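Counting starts at 1 for both ligands and their atoms, following the listed order. In what follows, every heavy atom counts, from backbone to side chain, and hydrogens, waters and symmetry copies are set aside. FYI, the numbering just counts along the sequence from 1. None of these values were measured; they are calculated from a predicted model.
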Amino acid sequence: MENKILGIHHITAIAGDAQRNYDFYTKVLGVRLVKKTVNFDDPGTYHFYYGDEIGSPGSILTFFPWENIQRGRIGTGMATEIGYSVPKGSLEFWNNRFKEAKVKHGEAAERFGESYLSFEDPDGLLLNLIATNAEDNRKPWTTTDVKEDAATKGFHSVVLTVRKVEPTAKVLTDIFGYKFLTQEGNRYRFVTDANATANIVDIVEEPNGNYGHNAGGTNHHVAFRAKDDKLMMEFREKVQSAGLNITEKIDRNYFYSLYFREPGGVLFEIASDNPGFVTDEPVSELGTHLMLPSQYEGYRSRIEEWLPVLNQ
Ligand code: ZN
């Protein structure tokens, strides 16, 4: 069988205050902190992973909270919107919830025949809740306030904004196995049949759009999903054959990674499903301990002292 990307694995964004980020995602949006670790390339910074109960691929939104970071600029050459799948009929609940919590949000609208509600997180990151027409049987993480009839089920889609659609589209179709589905104005929808969920990428073409500046409230990269690290490495060859630079295989403890910049400027990652987030904490305790990769374990007390206190 042809090796195709299985949709989105995770999306990583930049936040400011760690506590504010934690409160927004776990309390207002109602997703679970499944891993509290540090940025492996900058261990003085947290790396938070939010997702469903076990941090299933396709549900994971991750943040580097850098205290006092400037606000970035959302623009071309980056992922510009994150789409979560929510149950049909739940947008009114969310509208009211956002109003009460003073979350900046739009009015329910329609795109590609699906209702959605857009909102911003406290750092200005753009997200949408999409009441999808497609069947989505994923089990959501629920809280006392956000129950099954409204809870997010993981990603629906991601939006990439670029100056020219074709070069980015070519990576999706020729390397990842996506197909062009349909178009609304300057928004082109691509979908993979290798998975039923988190399987949509929209490319927005803005020929004269300002380039984005990667800082607070912007997306850092989008990770696409390979079943395991062996299949992941097949994509490495395909990316190289297309004349693009790609990193060596990197061990991220919870998955393996490859990174490359697609021609439109968006930083892409390919990440494996294995080994997953339950390798070093029991499911019931995910996200409650500070987990450090072995190379930083010897510096634990210094790192703990350095990191801002997080009230969970
Ligand atoms: Zn990543």
Checklist outcome for this item: Per residue His221, nearest N, O or S atom to the Zn ion (ligand 1) is named NE2
Item to check | Counterpart residues, side-chain hydrogen bond (donor to acceptor under 3.5 Å, both in side chains), relative to Lys153 (two or more places apart) | outcome: none
Next on the checklist: Assess, by modelled atom type and distance only, whether the side chains of Glu262 and Thr168 contain a donor and an acceptor separated by less than 3.5 Å.
Outcome noted: yes
Checklist entry - Measuring to the Zn ion (ligand 1), does His10 have an N/O/S atom at a distance below 2.8 Å? => result yes
Checklist entry - How about Asn96 and Glu100: does a side-chain donor come under 3.5 Å of a side-chain acceptor? => result no
Checklist entry - Taking 4.0 angstrom as the limit, do Arg252 and Glu269 come out as a salt bridge? => result no
Checklist outcome for this item: Looking at Glu269, the N/O/S atom that lies nearest to the Zn ion (ligand 1) is called OE1
